[in-house]
Amino acid sequence: TVSTAPEETTAATTEEPVETTLPPITMTVPLLLPQDIELPAEYLVEIYQDGGLIFRETVAKSQGTLTLTITGRGTVELDVYIDGSYWKKQTVALE
């Protein structure tokens, strides 16, 4: 009797795209502080990045600018509060 060799079977491989998560980017961003005459000499500054608190300190109005180090990727939004009141939104592109 003649036997035939088993047929080679190849498993069909379907490669699913691998999602690559790019590492976050860290940047230093200047934030100009309000200089309104009616503000006290020192005030509480709270900054939220995409809803999470990233900065909360009492700063001197005379400081003029805060230097923030933020981490993320793409466009992030910073919501700034002065003494508990919403002051402004700052959008930063982290690319």
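Residue Q90 holds its CD atom at 10.5 Å from CG of D79, rounded to the nearest 0.5 Å.
Among pairs with a residue in residues 43-59, those fulfilling salt bridge (Lys or Arg N to Asp or Glu O under 4.0 Å) read E46-R56, at least two apart in sequence or across chains. Within the structure, the salt bridge (Lys or Arg N to Asp or Glu O under 4.0 Å) test picks out the following pairs touching residues 60-77 (sequence neighbours left out): E77-K89.
Cluster partners of L44 are absent, since no Ile, Leu, Val, Met, Phe, Trp or Tyr has side-chain heavy atoms less than 4.5 Å from it. The hydrophobic cluster containing I25, built from Ile/Leu/Val/Met/Phe/Trp/Tyr side-chain heavy atoms closer than 4.5 Å, also comprises M27, V29, L31, L33, L39, Y43, V45, I47, I54, F55, V59, L66, L68, I70, V76, L78, V80, I82, W87, V92, L94. Here L22 sits alone; no ILVMFWY side chain lies under 4.5 Å from its own, so it joins no hydrophobic cluster.
Taking Y81 as the reference, Y48, Y86 meet the ring-ring contact (aromatic ring centres under 6.0 Å, His included) condition, with sequence neighbours excluded. Among residues two or more places apart in sequence or in another chain, the side-chain hydrogen bond (donor to acceptor under 3.5 Å, both in side chains) test is passed with T71 by T26. Scanning for side-chain contact (heavy atoms from CB on, under 4.5 Å) contacts around S85 gives an empty result, with sequence neighbours left out.
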